[in-house]
2 protein chains.
Amino acid sequence: MPDYNYNVYASACPSRIMFDSISNKWTMFILDRLRDQPVRFNQLLREIEGISQKMLSQTLKTLERDGLITRTAFPTVPVTVEYAITPLGQTLSSTVHVLIHWAEHNGDEILAARAAYDAKNKQV
Amino acid sequence: MPDYNYNVYASACPSRIMFDSISNKWTMFILDRLRDQPVRFNQLLREIEGISQKMLSQTLKTLERDGLITRTAFPTVPVTVEYAITPLGQTLSSTVHVLIHWAEHNGDEILAARAAYDAKNKQV
DNA sequence: CAGCATCCAAGATGATACTG
DNA sequence: CAGTATCATCTTGGATGCTG
């Protein structure tokens, strides 16, 4: 028996409170992209296909607030901003990376399962 | 250089298509809950705090369609239905488990980071 | 017990335009 | 370049009531 007596999935515990933040697509993709080196705003915008400027901006702010990434502005003209992962974020990023690559490697198998399911349950 | 030349984050690749499914709270919690043994519908409903019957039903169906879990109905009166994880689901579940427990163990640190951030950026 | 159907409110996200 | 602001939309998900 673990050293806690509350339900892991309960909404009261801190882990649950912030699990919503990390269990979303953009959070994971950004974290994974920052894993190796700092990246600038527009670079992320270009490389993470499908994300809008609004969502990128919003997600980055949340990640910074949660202490998972840092934001550094360089006084160039025009301004340059680099986002980098923190040590804490790095620990999360490793797991996220595994998850993303699981999806990458098993995507086809899942698509096949879907097709089989749909074929079996097709209506008239 | 890896053996693929497309963007991992691109919406075109299969992994991305189904990444939305797995990167959500309920999917992860259900998968994690089924990791050790099969569980019945109402049992899941009770143990995964905060989930509604609708979301549970909906998420279970998606997971079954994706070949990550199986649904078995026993002809008892009233009917009993057990959901169990598949081998494919098991491989995903392991990673998800790490993620959930990351949240569990680092929740406080993140909450602290949030408090610090909010204190520094408080408006007048 | 294990669901499905319907209605509806709230939040998430996209599009567009503007700024330091 | 790196954002913010506003508006419109579109999905998500909760509440409720019904069924085999």
Side-chain angles (χ1 to χ4, degrees), chain A residues 9-11 16-30 33-34 37-66 69-84 117 121-124, chain B residues 9-11 16-30 33-34 37-65 69-84 117 121 123-124:
Chain A
Y9 313 118
S11 48
R16 178 62 171 277
I17 295 176
M18 40 70 63
F19 196 80
D20 288 21
S21 318
I22 69 170
S23 72
N24 95 47
K25 214 172 39 173
W26 303 133
T27 293
M28 296 207 195
F29 286 150
I30 293 173
R33 184 60 191 81
L34 295 181
Q37 73 276 148
V39 183
R40 285 178 300 102
F41 186 88
N42 277 322
Q43 199 176 342
L44 285 169
L45 192 58
R46 265 178 275 115
E47 295 185 4
I48 302 181
E49 191 169 316
I51 197 170
S52 63
Q53 192 179 52
K54 179 180 177 178
M55 288 315 297
L56 179 57
S57 172
Q58 188 175 302
T59 309
L60 286 171
K61 200 173 293 179
T62 302
L63 288 172
E64 189 195 357
R65 185 166 100 104
D66 286 351
I69 66 172
T70 58
R71 177 187 182 279
T72 312
F74 298 97
T76 53
V77 179
V79 64
T80 301
V81 177
E82 261 188 12
Y83 289 92
Y117 181 94
N121 297 59
K122 67 173 169 229
Q123 61 273 52
V124 192
Chain B
Y9 313 118
S11 49
R16 177 62 170 277
I17 295 176
M18 40 71 63
F19 197 80
D20 288 22
S21 318
I22 69 170
S23 72
N24 94 47
K25 214 171 40 173
W26 302 133
T27 291
M28 297 206 195
F29 286 150
I30 292 174
R33 183 61 191 81
L34 296 181
Q37 74 276 148
V39 184
R40 284 179 301 101
F41 186 88
N42 278 321
Q43 199 176 343
L44 286 169
L45 191 59
R46 264 179 275 115
E47 295 184 6
I48 302 181
E49 191 168 316
I51 196 170
S52 64
Q53 191 180 55
K54 179 180 177 177
M55 289 315 298
L56 178 57
S57 172
Q58 188 176 301
T59 310
L60 286 172
K61 199 173 296 180
T62 301
L63 287 172
E64 189 195 357
R65 185 165 102 103
I69 66 173
T70 59
R71 177 187 183 279
T72 311
F74 298 98
T76 54
V77 179
V79 63
T80 303
V81 178
E82 261 188 12
Y83 289 93
Y117 181 94
N121 297 60
Q123 60 274 47
V124 193

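Values below: all heavy atoms of this structure, side chains included; hydrogens, waters and symmetry mates excluded. Letters go in sequence order (proteins before strands), and every chain restarts at 1.
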Can you tell which of [options] lies closest to the side chain of [X]?
| X | options | answer |
| --- | --- | --- |
| B:Phe41 | C:dA2, D:dA2, D:dG14 | C:dA2 |
| B:Met55 | C:dG14, D:dG13, D:dC1 | D:dG13 |
| A:Arg40 | C:dA2, D:dG3, D:dC1 | D:dC1 |

What is the distance from [atom1] of [X] to [atom2] of [N], rounded to the nearest Å?
| X | N | atom1 | atom2 | answer |
| --- | --- | --- | --- | --- |
| A:Ile48 | C:dT13 | CD1 | P | 14 Å |
| A:Asn42 | D:dT4 | CG | C1' | 14 Å |
| B:Asp20 | C:dT13 | CG | P | 10 Å |
| B:Glu47 | C:dC1 | CD | P | 14 Å |
| A:Leu63 | D:dG3 | CG | C1' | 16 Å |
| A:Lys61 | D:dG3 | NZ | C1' | 8 Å |
| A:Gln58 | D:dA5 | CD | C1' | 13 Å |
| B:Leu45 | C:dA2 | CG | C1' | 10 Å |

Next item on the list: Compute the bend angle of the helix from C:dC1-D:dG20 to C:dG20-D:dC1 from the end axes (five pairs per end), rounded to 10°.
Entry: 60°

Distance test, side-chain N/O of [X] to OP1/OP2 of [N], below 4.0 Å:
| X | N | result |
| --- | --- | --- |
| A:Arg71 | D:dA2 | no |
| B:Ser57 | C:dG3 | no |
| A:Tyr83 | D:dC1 | no |

Distance (rounded to the nearest 0.5 Å) between [X] [atom1] and [Y] [atom2]:
| X | Y | atom1 | atom2 | answer |
| --- | --- | --- | --- | --- |
| B:Gln37 | B:Glu82 | CD | CD | 9.5 Å |
| B:Ile30 | B:Thr59 | CD1 | OG1 | 4.5 Å |
| B:Ile48 | B:Met28 | CD1 | CE | 13.0 Å |
| B:Lys25 | A:Phe19 | NZ | CZ | 9.5 Å |
| A:Leu34 | A:Phe29 | CG | CZ | 13.5 Å |
| A:Thr70 | A:Leu60 | OG1 | CG | 11.0 Å |

Next item on the list: Would you jot down, in residue-number order, the residues of residues 22-29 of chain B having a non-hydrogen atom under 4.0 Å from DNA chain C?
Entry: none

Item checked: Shortest non-hydrogen contact from B:Ser52 toward B:Leu45 -> C-CD1, 3.9 Å

Next item on the list: Check for a donor-acceptor pair, side chain of A:Ser57 on one end and backbone N or O of A:Gln53 on the other, with a separation under 3.5 Å.
Entry: no

Item checked: Heavy-atom donor-acceptor pair, B:Thr27 side chain to B:Ser21 backbone, under 3.5 Å ->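 Yes, B:Thr27 side chain to B:Ser21 backbone: donor-acceptor pair under 3.5 Å.
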
Notebook entry, point to check: Is there a side chain to side chain contact (heavy atoms under 4.5 Å, CB included) between A:Gln58 and A:Trp26 once you walk through the steps?
Noted result: CA-CA 10 Å; A:Gln58 188 175 302; A:Trp26 303 133; over 6 Å; no

Checklist line | side chain to side chain contact (heavy atoms under 4.5 Å, CB included) assessment of A:Asp66 paired with A:Ile22 | finding: CA-CA 10 Å; A:Asp66 286 351; A:Ile22 69 170; 5.8 Å; no

Check: Would B:Arg33 and B:Tyr83 satisfy side chain to side chain contact (heavy atoms under 4.5 Å, CB included), going step by step from the backbone distance to the final call?
Finding: CA-CA 10 Å; B:Arg33 183 61 191 81; B:Tyr83 289 93; over 6 Å; no

Could you list the protein-to-nucleotides 16-20 of chain D atom pairs, N/O on both sides, closer than 3.5 Å?
none

